[in-house]
Amino acid sequence: MSASIHTLTPELGAEIRGIDLAAPLDDASRDLIYRAFLEHHLVVIRSQAGLSTARVLELSRVFGRDLEPHTFQEFHHPETPLIIVLSNRTEAGGKPKGLADAGTFWHSDVSYQANPAKATLLYAVEVPEDGGDTLFCNLTAAYEALPAAMKARLDGLTAVHDYLHSKRDILVEGKVAAPPPGVHPVVRTHAETGRKAIYINPAYTTHIEGLESAESDALMAEIFDHCLAERFRMTYRWKPGDVVVWDNAATMHSATTKHLDPAKHRTLWRTIISGDTPVR
Ligand code: SIN
């Protein structure tokens, strides 16, 4: 069976069918997956239960050569620091087996870094029948739908992204040092497609530079309202063995794990594919 691309919603995402990730990927499959990723901003490959860490790393490298270990070393997969375990399971004694909530807030991964993540991959090891969905929003479509006057207003603006803006407990507990804030264009041009996307997010963007605080807050609130309209959004309901990869230069996302019943178990592996400095 040859691989094929099937759109998930008119605005966002594509499912790739006819690929078995347990076997090494040939060049044609790699090209097809990457093409779908660039065009649809998010790709899904279902029914891949039982993948090894090596296979997950190989698939991650379809999207970029370099992968990044996560800051929270305590949740690295025992076989490799390039996979972080997201899980609400605990060991006897209550020690968490993974990061229970990777971000129940709208964000683009590590946007506070000078070189934020290009892409993120999640692999569903175990997921409940319901709950624990991941929400996505298409920031390219949101930008393209802006009125010309708003595009002109945003053109050339830059914004500050700070990890501490989302007040993460793990930092408050002093387990890891806060990374320094980053500054990026409010509208970024995709390095490969040349398409523009909004590049601010509620979790990490503290303010737009050069504006009074009230004006910056009002402008960001207006943009976030626009981006989070139903037509730009997609809810992903996980099944065991699903692989989802998204483009952080074109989307933002939110976990919902903060609201997940602790009796329902959810364990995913995550990799981060390194990116370049965002450009206007
Ligand atoms: C993430 O924000 O990277 C994880 C999303 C999720 O756990 O649903």
Side-chain angles (χ1 to χ4, degrees), residues 41 66 68-72 99 101-120 135-147 149-191 195-229 232 246-255 258 272-280:
H41 316 303
D66 298 321
E68 285 175 21
H70 195 276
T71 331
F72 303 160
L99 182 61
D101 179 17
T104 298
F105 41 51
W106 285 99
H107 64 288
S108 175
D109 282 324
V110 295
S111 70
Y112 45 84
Q113 288 185 181
N115 292 343
K118 173 180 178 182
T120 305
L135 316 178
F136 292 94
C137 164
N138 182 343
L139 294 177
T140 302
Y143 173 79
E144 289 170 356
L146 284 174
M150 181 56 94
K151 286 181 179 164
R153 187 171 173 207
L154 299 182
D155 186 34
L157 292 178
T158 51
V160 175
H161 298 240
D162 191 343
Y163 193 111
L164 288 175
H165 191 48
S166 61
K167 298 187 179 65
R168 303 300 303 274
D169 293 349
I170 200 142
L171 290 175
V172 174
E173 288 164 18
K175 287 189 182 162
V176 291
V183 178
H184 301 301
V186 169
V187 175
R188 72 181 286 184
T189 304
H190 198 283
R195 290 175 76 183
K196 291 185 175 189
I198 292 163
Y199 195 64
I200 53 175
N201 61 77
Y204 298 134
T205 312
T206 56
H207 63 281
I208 296 176
E209 290 188 312
L211 303 186
E212 291 295 330
S213 162
E215 191 186 355
S216 164
D217 288 351
L219 182 54
M220 290 204 301
E222 186 178 344
I223 296 297
F224 295 147
D225 266 4
H226 168 79
C227 294
L228 293 172
F232 304 125
W246 63 87
D247 185 340
N248 283 298
T251 61
M252 63 178 170
H253 62 281
S254 175
K258 201 172 175 176
I272 293 272
I273 296 96
S274 303
D276 297 325
T277 310
V279 293
R280 187 175 155 197

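When a residue number appears, it is its place in the shown sequence, counting from 1.
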- [ ] Sort and list the pairs that fulfil salt bridge (Lys or Arg N to Asp or Glu O under 4.0 Å) and have at least one residue in residues 195-204, not counting sequence neighbours.
- [x] Glu144-Arg195

Open item on the list: Distance check, rounded to the nearest 0.5 Å: Thr251 atom OG1 versus Leu135 atom CG?
Closed with: 12.0 Å

Task: Main-chain N/O of Asp66 paired to Ser274 side chain as donor or acceptor, under 3.5 Å - done: yes

- [ ] Check whether any side-chain heavy atom of Val186 sits under 4.5 Å from a side-chain heavy atom of Ile223, and report yes or no.
- [x] no

TODO: Please name the pair of heavy atoms, one in Gly275 and one in Glu68, separated by the smallest distance, quoted to 0.1 Å.
DONE: N-OE2, 4.4 Å

Task: Cys227 side chain near Ile198 side chain, heavy-atom distance below 4.5 Å - done: yes

- [ ] For Glu209, check side-chain hydrogen bond (donor to acceptor under 3.5 Å, both in side chains) against everything at least two apart and list the hits.
- [x] Thr158

Task: Flag side-chain contact, heavy atom, 4.5 Å: Val183 against Val160 - done: yes

Open item on the list: So Tyr143 and Thr140, do their side chains get closer than 4.5 Å, heavy atoms only?
Closed with: no

- [ ] Would you list the pairs meeting salt bridge (Lys or Arg N to Asp or Glu O under 4.0 Å) in which at least one residue belongs to residues 150-160, sequence neighbours left out?
- [x] Arg153-Glu215, Asp155-Arg280

Show me the donor-acceptor pairs, under 3.5 Å and distance only, between side chains in residues 102-114 and residues at least two apart or in other chains.
from   : atom 1 : to     : atom 2 : distance (Å)
Thr104 : OG1    : Asp101 : OD1    : 2.8
Thr104 : OG1    : Asp101 : OD2    : 3.3
Thr104 : OG1    : Thr257 : N      : 3.3
Thr104 : OG1    : Lys258 : N      : 3.1
His107 : ND1    : Phe105 : O      : 2.7
His107 : ND1    : His253 : O      : 3.2
His107 : NE2    : Asp109 : OD1    : 3.2
His107 : NE2    : His253 : NE2    : 3.0
Ser108 : OG     : Asn248 : O      : 2.8
Asp109 : OD1    : His253 : NE2    : 3.4
Asp109 : OD2    : Thr120 : OG1    : 2.6
Ser111 : OG     : His161 : ND1    : 2.9
Ser111 : OG     : Asn201 : ND2    : 3.1
Gln113 : NE2    : Asn115 : O      : 3.2

Open item on the list: Can you list everything that forms a side-chain contact (heavy atoms from CB on, under 4.5 Å) with Ser216? Sequence neighbours excluded, please.
Closed with: His207, Ile208, Leu211, Met220

TODO: Sequence neighbours left out, what passes side-chain contact (heavy atoms from CB on, under 4.5 Å) with Ala218? Give chain and number order.
DONE: none

Open item on the list: What's the separation between atom CD1 in Ile273 and atom NZ in Lys118, rounded to the nearest 0.5 Å?
Closed with: 8.5 Å

Task: Residue pair Met252 / Pro202, side-chain heavy-atom distance below 4.5 Å - done: yes

